Each structure stands twice: as structure tokens, then as C-alpha cells.
Amino acid sequence: MTAAEFEHVTLRENGDPLTDLTRYPFECHPSYFHRGLSPTNAMFARQAVAELLVDIQRALAPLTFKIWDGYRPRRVQRTIFDDHLATLRTRHPDASEDELRKKAEVFVTDPGSSRRIPPHATGGAVDLTLLDAHGRELDMGTPYDHFGPESAALYFEDNARNPAVRNNRRILRDAMTGAGFRCDADEWWHFDFGNQIWAAHHGAPAACYGEIEDFDPTIWSVVKRSG
Ligand SMILES: C[C@@H](N)C(=O)N[C@H](C)C(=O)O
Ligand SMILES: [Zn+2]
């Protein structure tokens, strides 16, 4: 999300609740839990987001969604940012801390700013791909969270060496943006709905999803197991 400005956008929270994505007909693969960067494998998103995904998936049948991440509390955003920063520090030992933070922000929102709400902390952002009828991921040209130029949403439009990848990305992007999502320019897998970056992109007068701070999916999954 290189240089995107969105913190100025007015917020009118509409109270749409978070909903458990594992109760929907998607394949949920909580990537940050599996990589040890999140304490929980719970996966949530705003209800309207989940319902839109159901509609999109129905229209794309037999393709289905594989979801890697949805609601992400700011503390998990911090863990991911710090992890990425540490990788960059090793890769660029001569870079200043300022340069490293700028590099890191191309792919991971810096959670340190109190003015900027990380898009995933609103429950209005999802990271996902498409599976074919046999449950195999469509070839999107890079793995999830490949932090390089090839992950740019339009990379294979401009570099048409691989028309199959270009078409697969088109299918995902067109379906998501057709339903109102914003597609991230740097990350083919990241889509926003209802939050400030989405409102800035669409020129909407306000965003309807603000930060959700007091939701602890760790506690929630304990309740779910015993309930
Ligand atoms: C880290 C990556 N999966 C992601 O979600 N990036 C967005 C832009 C973010 O961190 O807000
Ligand atoms: Zn994302």
C-alpha cells in the first residue's frame, strides 16, 4: 500500500459485527498463526464482508476462496511488521532505521501511528486467493506474502509473460472489485471494504469500519470450544 493516504477520512462506525469465517463455506488457513506470528487460529471479518464473499464465491463456482487472514488486532500487526523489519535489517545491513521502516511499509502497515488505523484492524480487510474445483490454489505467480514487485496486482498485466497467471489474477480482482472491494496495488491477495483506505479509494464521504480494539479471538475460541 505504498504511500496511500487515508487517515484523514471521516469515520462513521456502523457497528457491523465481526463474524467467524470458519462458519462459512471458505477454506480458512490462518497463515500468521501457522507462522507463529499470531497467538490464535481464529479468523474473523465484518459480517457484510463475509456475506459479500459468499455472493462472490457463488458467482465464481466451481472456484472457491482460500482465506489467509481477516481481522487482525493491532498487536498482531505489530508482530508482523517487526518480523518484516528484522528480515529487511538482515538483507540491508547498511540501511538506516528510517530507510528500513519505509521499505517495510510498502507491504505491511506500520502499526505505530496512532492516527493511522491498520486496515486489517477494522475487520474490513481480507487476504485471500482462489481454489479450483479440486481444491488446488490457482497460480497467481507468487506465494502469499511474497514481498516483491511481482506481487503488484497488475504486474502480470504489464509483464505478460504468463497469460495464465494474468488471467487468474484478473478473475480474482474483477470479482472482488465488481462487488465493491478495493484491490491493493502492491499485493494481489489484499482487499478492503468499508474502512478508511477503501473510502479514500472510492471517494466516499466516510468510512463505516473503524478499529476494533477490544476483541480478543483467543478468549473467543475458548468460549467456542466450551459452548
Ligand atoms: C502483510 C500483508 N499480508 C498485508 O496484509 N498488508 C497490508 C497492506 C497491511 O499490513 O495492512
Ligand atoms: Zn492484507
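Fair warning: this is a prediction, and the values are worked out from it, not measured in the lab. Every number for a ligand or one of its atoms is a count from 1 in the order of the listing.
- Below 4.0 Å from some heavy atom of Tyr32 lie the following atoms of ligand 1, by number and element: 1 (C), 2 (C), 3 (N).
- Note: Ile117 CD1 to Ile212 CD1 = 10.5 Å, rounded to the nearest 0.5 Å.
- Short contacts between ligand 1 and Trp189, defined as distances under 4.0 Å to a heavy atom of the residue, involve ligand atoms 3 (N).
- Distance CG/Asp69 to NE2/His29: 11.0 Å, rounded to 0.5 Å.
- Numbered from 1 in the order shown, with element, the atoms of ligand 1 that lie under 4.0 Å from a heavy atom of His120 read 5 (O).
- Ligand 1 places these atoms under 4.0 Å from at least one heavy atom of His190: 5 (O), 7 (C).
- Geometrically, Arg46 engages Tyr209 in a cation-pi contact defined by less than 6.0 Å to the ring centre and at most 45° from the axis.
- Residue Tyr144 forms a ring pair (Phe, Tyr, Trp, His ring centres under 6.0 Å) with just one option from Phe107, Trp68, Trp188, and that option is Trp68.
- Contact atoms of ligand 1 toward Asp145: 1 (C), 2 (C), 3 (N) (distance under 4.0 Å to a heavy atom of the residue).
- By the rule that hydrophobic residues join a cluster once side-chain heavy atoms approach within less than 4.5 Å of another member, Leu154 and Ile171 end up as members of separate clusters.
- Between Asp127 and ligand 1, an N or O atom pair is found at a separation short of 3.5 Å.
- Taking a cut-off of under 4.0 Å to the non-hydrogen atoms of Pro119, the atoms of ligand 1 that pass are 11 (O).
- Close N/O approach between Ile80 and ligand 1 is not found [any backbone or side-chain N/O within under 3.5 Å].
- Side chain to side chain, Asp145 and His84 fail the donor-acceptor criterion of an N or O pair below 3.5 Å.
- Seen from the Zn ion (ligand 2), atom OD1 of Asp127 and atom NE2 of His120 lie 100° apart in angle, a value rounded to 10°.
- When distances to the Zn ion (ligand 2) are checked against a cut-off of 2.8 Å, Asp184 contributes no N, O or S atom below that limit.
- Interface atoms of ligand 1 facing Val108, defined by a heavy-atom separation under 4.0 Å, are 1 (C), 10 (O).
- Checked against side-chain contact (heavy atoms from CB on, under 4.5 Å), His146 has the following partners two or more places apart in sequence or in another chain: Thr142, Pro143, Glu150, Ser151.
- By heavy-atom distance, the residue among Arg72, His84, Gln77 lying nearest atom 5 (O) of ligand 1 is Arg72.
- Side-chain N/O atoms of Asp98 and Ser96 include no donor and acceptor closer than 3.5 Å.
- Taking hydrophobic clusters as Ile, Leu, Val, Met, Phe, Trp and Tyr residues chained together by side-chain heavy-atom distances below 4.5 Å, Val49 shares a cluster with Tyr24.
- When the Zn ion (ligand 2) is compared with the N/O/S atoms of His190, atom ND1 turns out nearest.
- Put simply, no part of Trp68 is less than 4.0 Å from ligand 1, judged by heavy atoms.
- Contacts of Tyr144 with ligand 1, taken as heavy-atom pairs under 4.0 Å, involve the side chain alone.
- Using a 4.5 Å heavy-atom threshold, the side chains of Arg169 and Glu157 count as separate.
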